[in-house]
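To start, the structure under review is shown below, and the notes come after it.
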Amino acid sequence: MSIQTTCPYCGVGCGLLADGDGTISGDPLHPANFGRLCSKGAALGDTLALDGRLHEPMIHRQPATWDEALDLIARRFSQAVAEHGPDAVALYVSGQLLSEDYYVANKLMKGFVGSANIDSNSRLCMASSVAGHIRAFGEDVVPGCYEDIDETDLAVLVGSNTAWCHPVLFQRLAAARQTRGTRVVVIDPRRTASCEIADLHLALRPGADAALFAGLLRYLSDHGMCNNDWITGRTTGFDAALSIAPSLAEAAAITDLPADELARFYEWFAGTQRAVTLYSQGVNQSSSGTDKVNAIINCHLATGRLGRPGMGPFSLTGQPNAMGGREVGGLANQLAAHMNFSASADIDRVRRFWGAPHMAARPGLKAVDLFEAVCAGRIKALWILGTNPAASVPRAQQVRAGLARCPFVVVSDCWPTDTTALADVVLPAAGWGEKDGTVTNSERRISRQRAFRLPPGAARPDWWMLTEVARRMGWGDAFSYQRSSDIFREHAALSAFENDGAGRRMFDIGGLAALSDADYDRLEPVQWPVPRTCERRRADSPRLFASDGGRFATEDGRAHFVPTRWLPPVERPDEDWPLLLNTGRLRDQWHTMTRTGEVPRLMRHQDEPVLTLHPVDGRRYGVSDGALVRIESRHGATLIRVMLSAEQRPGEVFAPMHWTDRFSSTGPVDRLVSAATDPISGQPELKATVVRLSAVPVLWWGLLLRRSELAMPADMYWSRVPIEAGHAFTLAGREELPGGSRLDDWVDSLLTRPARSELISYSDAGRGVFRYASLVDGRLDACLFVDAHRTSLPGREGLAGRLGAAVEGAGRIGLLAGAAAGGPSTAAERIVCTCFAVGLDVLQRAIADRGMTSVADIGAALRAGTNCGSCIPELNAILREVQPDESTPA
Ligand SMILES: Nc1nc2c(c(=O)[nH]1)N[C@H]1C(S)=C(S)[C@@H](COP(=O)(O)OP(=O)(O)OC[C@H]3O[C@@H](n4cnc5c(=O)[nH]c(N)nc54)[C@H](O)[C@@H]3O)O[C@H]1N2
Ligand SMILES: Nc1nc2c(c(=O)[nH]1)N[C@H]1C(S)=C(S)[C@@H](COP(=O)(O)OP(=O)(O)OC[C@H]3O[C@@H](n4cnc5c(=O)[nH]c(N)nc54)[C@H](O)[C@@H]3O)O[C@H]1N2
Ligand code: SF4
Ligand SMILES: [Mo]
């Protein structure tokens, strides 16, 4: 029998079916995806088999019992509070925790420890949307639902690479385009995969979104396209917002866009009732993120395009439970259940509901400030759950130094990470498929995650760890939960507690407060609000603010326009720092790669961290495709390989956020990234850091394959990918290879041969070619190929198949001598369709040879694109490249 559950990756919140044998498929009945999945969701089964999970608690790297670990945490936290006050301790949590975990963490800190120093990686992700919603609507509310994407006539994607980051919604949008001719506009400095279905791509100057949308507001007003009844009846502040809005010409200058292109977008928006604006990190992760959000919402308020089918501002949430975390109040400036520190009645209400002995009375430290406090020694005990800040927080090197100095750091995770490496206590967390609870997706839909297998070793759910520490700190009665349903009922009850009358909070799931355990186990996906009384429920969901008399959650019941004045990013290029670094996501990787980075097929779409650079800049710096460069910012430096691409605006570079010290010497890009924040939301500007770049001469390139992992030496560039039977490393040397016996030592350090192993080798020092293979019991255990010119290195995939296999007779010689036949590069073939492992070369050849003109042709011949569909935008791009005149985009 299959178990219904929810995907642990993005905020689309797709429903899944997990079968007994670990097969994962899309749930045809779930309203987020109706059975569809993307490449990451489709590969979830592969992550269940991964080795290397954390199995037992560790104290100072030594195995410990749960009692020892929990006693120690309770003692150190109590001690820090006693000696330095409650603000000397902190929790840093995650939008990947379940609402039940999150609720307990928030209650422990804000009600019992007595400090609001609990912030979340959602600060890096959703904080600007939260702040923008509160300014406009009075509460953190996403008004629309996914059907609006199916039913819209104009979809505006702002700072969102939906094709890669919310792929199932992108598929819904692509379907709407096919069936109803929905127009798509992409607003992004880069030409992303999402542009494959765009009718218009506005490659604006980074950070200029607020001006672009303020210009739209002025245009709407100048052309008589505002909905004046709506503005008068339901909003305030229109005139003030309009008074500082730029003209079209001014907006074109600020955004660095041709005025006619901008005018075309304005015209389309003005003339299309059913318009949805979907936005994500290009909006939120900005020093003007909150203003960007309000500039977008202003245009929807001015046209009354809100709360009706096919229209509205739509913040796409990042993590699976980014929304749930906000509902339980897991940000340092929020209280539980959408209540606020700004209202003393709210603080008192939460205090009474919890019976809280030490209720926090003011906001705590937001993520960037929290880590600054860690660095400054003001935080004496810190507990990190479900997030990897040593890799994902800006100025990561400084943060690491702070964590190393912090007197007591606890980390709960499922896998070892760059952050667990810095912890005093590491707690093994039960992961996806092993724990029970709920998550809320981008359209306010609460879905169950259900356990379908046992956690490894002693791993336990996060809520359990938090509860056990709370008990040990003396608050057993308030934390007497036996299972996740106990927590959910309390959370639901709090949302309905004293929630009546004019100041009613929209977040109300009181209708779920009396679920029995069996009801909770059976809970179907449901959109909030779910109040206790039915007539309210009908009036509200699935679209909020729908009815004409509908109140907003502001004091005056009206939606608020916010005047938005354009400000450029905090860091701006100049002579010393000529390039602007943008960062973001790739299709098949999830954040710091703890799961996706270990799945061979997900690593074949892009197998190394690369910096994308415009060819004009490539020439300027004298670097070619694949070259190694040093990139430096005011905050840090690293070595990274270059990919030249005209998708980039000249003067701007892009690097993925995913790699860490576990996967490449390049390490996390956040070691370069600025910690400037939006003054209102506190969200860091992760997409605009000034950098400079210089070419790095490479004296040799290498390929190392090993069955076991290896801590790589610090003096070379390396990057690791998992392969079926082990690991493959791309290497690049900046120094001459050692000579004589030192070369043997060097080779031994990379092959780490056991005593009984046998070494076979080949070298041609004149050509700078060296090849070694280590056999153990006649099987290939490790091999190393080095070449001064990169030309004779074998293809990785061909060699990967031989790792662990017997090497006999002629094969022994062939292994080293025939290596050159494998291919001329260290790069493996790039896989475009992850589901059926169809590579770029195969696609290009098939399209040309067989005259294919559509994605359907490709699917029929090669199956590519016929399962999850995540690769369809790239298939279209390849078609266009190979058959520029023939292809018909799908
Ligand atoms: N494959 C994959 N999917 C994911 C995730 C993942 O790790 N991998 N993570 C999930 C999470 S937590 C999140 S938050 C979402 C993020 O989803 P997205 O926000 O779609 O992803 P990003 O790649 O971070 O950034 C989106 C785009 O913003 C653009 N951008 C940069 N600066 C500006 C600007 O000033 N203005 C505009 N308009 N655009 C700009 C970038 O060029 C980039 O293409 O993805 C979710 N989905
Ligand atoms: N430069 C740059 N930096 C960024 C971004 C960017 O675009 N550019 N994006 C930012 C954004 S939007 C986000 S959301 C963050 C994401 O950054 P992180 O949250 O640091 O990234 P993850 O790799 O998802 O970390 C989640 C961790 O939780 C662990 N885990 C998984 N399930 C569980 C569980 O049930 N319990 C526990 N205890 N642990 C679990 C995973 O193994 C993993 O180590 O990165 C931010 N940083
Ligand atoms: S779109 Fe992909 S990653 Fe996001 S929830 Fe659905 S299957 Fe998971
Ligand atoms: Mo995120």
Side-chain angles (χ1 to χ4, degrees), residues 86 90-123 125-127 129-131 133-134 137-142 317 319 321-356 358-367 370 385-386 437-440 444 446 462-463 466 470 478-479 487-499 503-510 512-513 528-529 553 681-682:
L91 257 52
Y92 183 63
V93 299
S94 162
Q96 291 168 75
L97 296 175
L98 306 182
S99 294
E100 291 75 2
D101 301 319
Y102 229 135
Y103 178 88
V104 176
N106 188 56
K107 176 175 174 180
L108 173 61
M109 270 312 283
K110 292 194 185 132
F112 292 76
V113 170
S115 164
N117 281 349
I118 166 171
D119 211 40
S120 160
N121 61 4
S122 275
R123 182 70 57 195
C125 182
M126 303 314 304
S129 280
V130 173
H133 290 152
I134 293 175
F137 307 139
E139 190 169 334
D140 176 21
V141 173
V142 173
T317 54
Q319 301 175 88
N321 203 28
M323 188 77 94
R326 287 136 72 178
E327 290 152 18
V328 304
L331 289 166
N333 54 326
Q334 288 185 329
L335 279 173
H338 283 197
M339 283 180 270
N340 289 307
F341 280 108
S342 53
S344 58
D346 280 0
I347 300 174
D348 188 56
R349 185 177 301 114
V350 179
R351 181 186 63 75
R352 284 182 285 115
F353 182 86
W354 281 340
H358 311 291
M359 188 69 205
R362 58 189 155 83
L365 294 169
K366 297 175 181 152
L370 175 63
L385 298 98
T438 53
V439 290
T440 310
R444 290 175 279 110
I446 300 171
D462 295 281
W463 68 260
L466 291 155
F479 291 85
I487 306 167
F488 184 81
R489 281 185 289 263
E490 184 179 311
H491 164 51
L494 174 54
S495 76
F497 183 59
E498 299 177 0
N499 193 6
R504 187 164 83 80
R505 310 183 299 275
M506 302 190 86
F507 176 68
D508 181 350
I509 55 168
L512 304 174
W528 65 257
S681 68

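For the single chain, residues carry numbers from 1 onward in sequence order. Atoms considered below: every heavy atom in the structure, side chains included; atoms not considered: hydrogens, waters and symmetry mates.
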Notebook entry, point to check: Can you list the residues that meet the ring-ring contact (aromatic ring centres under 6.0 Å, His included) rule with F112, with sequence neighbours excluded?
Noted result: W475, F479

Notebook entry, point to check: Can you name the residues that form a ring-ring contact (aromatic ring centres under 6.0 Å, His included) with F507, not counting sequence neighbours?
Noted result: H338, H491, W528

Show the nearest heavy-atom pair for residues [X] and [Y], with the distance to one decimal.
X	Y	result
A322	T317	CB-CB, 3.9 Å
S120	A367	O-CB, 4.4 Å
G330	Y102	CA-CE2, 3.6 Å
S115	P86	CB-O, 3.4 Å
L97	G386	CD2-CA, 4.4 Å
V142	H133	CG2-CE1, 3.8 Å

Is it true that a side-chain atom of [X] and a backbone atom of [Y] form a donor plus acceptor pair closer than 3.5 Å?
X	Y	result
E139	A553	no
N106	V328	yes
K110	G329	yes
D508	G510	yes

Check: Tell me, which pairs form a salt bridge (Lys or Arg N to Asp or Glu O under 4.0 Å) where one or both residues lie in residues 327-336, sequence neighbours left out?
Finding: none

Next item on the list: Determine, stepwise, if the pair I509 / F488 fulfils side chain to side chain contact (heavy atoms under 4.5 Å, CB included).
Entry: CA-CA 10 Å; I509 55 168; F488 184 81; 4.1 Å; yes

Using the side chain to side chain contact (heavy atoms under 4.5 Å, CB included) criterion, which residues pair with [X]? Sequence neighbours excluded.
X	result
A332	D119, R123
A105	L91, V93, I118, L466
A493	F353, A513

Next item on the list: Tell me, please, which residues at least two apart from R505 pass salt bridge (charged side-chain N to carboxylate O under 4.0 Å, His left out).
Entry: none

Note to self: My understanding is that only residues two or more places apart in sequence, or in another chain, count here; which of them pass salt bridge (charged side-chain N to carboxylate O under 4.0 Å, His left out) with E490?
What the structure shows: K107

Excluding sequence neighbours, so at least two apart, what forms side-chain hydrogen bond (donor to acceptor under 3.5 Å, both in side chains) with [X]?
X	answer
S94	N121
Q334	none
R326	D140

Would you mind writing out the side-chain donor-acceptor pairs for residues 358-366 within the sub-3.5 Å range, not counting sequence neighbours?
unit_1	atom_1	unit_2	atom_2	d
R362	NH2	D87	OD2	3.1

Find the distance between [atom1] ([X]) and [atom2] ([Y]) and round it off to the nearest 0.5 Å.
X	Y	atom1	atom2	value
M323	S122	CE	OG	10.5 Å
L98	I487	CG	CD1	10.0 Å
M339	D348	CE	CG	11.0 Å

Next item on the list: Determine, step by step, whether L335 and F341 satisfy the side chain to side chain contact (heavy atoms under 4.5 Å, CB included) criterion, reporting the C-alpha distance in whole Å, the side-chain angles of both residues, the deciding distance to 0.1 Å, and the verdict.
Entry: CA-CA 6 Å; L335 279 173; F341 280 108; 3.7 Å; yes

Next item on the list: Verify side chain to side chain contact (heavy atoms under 4.5 Å, CB included) between N321 and S99, making sure each step is shown before the conclusion.
Entry: CA-CA 7 Å; N321 203 28; S99 294; 3.2 Å; yes

